[in-house]
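Scroll down for the structure; my scribbles are underneath it.
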Amino acid sequence: MPLFGNTFSPKKTPPRKSASLSNLHTLDRSTREIELGLEYGYPMMNLGSQNFKFEDGQWISESGGNVSGKEVQRLKKRNLQLEEENNLLRLKIEVLLDMLSESTAETHLIQKELENVSRRKK
């Protein structure tokens with residue numbers, strides 16, 4: 001028998017309401033398309049004076065902007081030249097690092113030989 005009265009008994013919780021209050025999930029596909037207009041098309045965005053649409057994983061300019069086709073070709077050509085120059089410079093750096101490591105190894109060998117010669121003379 002409890003000391004201060006009745007034992008603890010929590011109130012029963014009321015049943016939960018439906019997760020969705022919308023009945024759209026009960027409609028068939030054609031009715032949903034008519035009601036909601038499910039012909040989405042491509043996502044579109046407007047930045048300044050240019051319109052872009054997201055197609056095949058890329059944002060593509062629809063308005064063309066102020067850049068002409070010739071300008072795009074010139075920029076692509078320049079980009080290719082810069083990439084080739086970058087690759088050449090990386091190769092040169094790699095060759096220079098190889099030369100530096102080789103000369104460092106030779107210097108260490110010469111220093112060890114000089115130390116050995118100086119020890120023998122003593």
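Count residues from 1 along the sequence. Only this structure's heavy atoms are used, side chains among them; waters, hydrogens and symmetry mates stay out.
The residue from Leu89, Leu88, Asn87 that alone fulfils the side-chain contact (heavy atoms from CB on, under 4.5 Å) condition with Glu85 is Leu89.
One finds a salt bridge joining Glu71 and Arg74 here, because a Lys/Arg side-chain nitrogen approaches an Asp/Glu carboxylate oxygen to under 4.0 Å.
In the hydrophobic cluster analysis, where Ile, Leu, Val, Met, Phe, Trp and Tyr join through side-chain heavy atoms closer than 4.5 angstrom, Met44 is grouped apart from Phe52.
Taken from CG in Leu109 to NZ in Lys112, the straight-line distance is 7.0 Å, to the nearest 0.5 Å. Rounding to the nearest 0.5 angstrom, the gap separating the CD atom in Glu84 from the CG atom in Asn86 is 11.0 Å.
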Would Ile110 and Leu114 count as a side-chain contact (heavy atoms from CB on, under 4.5 Å) here? Give the steps.
CA-CA 6 Å; Ile110 292 172; Leu114 285 174; 4.3 Å; yes
Using a 3.5 Å cut-off and no angle test, enumerate the donor-acceptor pairs between side-chain atoms of residues 96-103 and protein atoms at least two apart in sequence or in another chain.
from, atom 1, to, atom 2, distance (Å)
Ser101, OG, Leu97, O, 3.2
Ser101, OG, Asp98, O, 2.8
Ser103, OG, Met99, O, 3.3
Ser103, OG, Leu100, O, 2.9

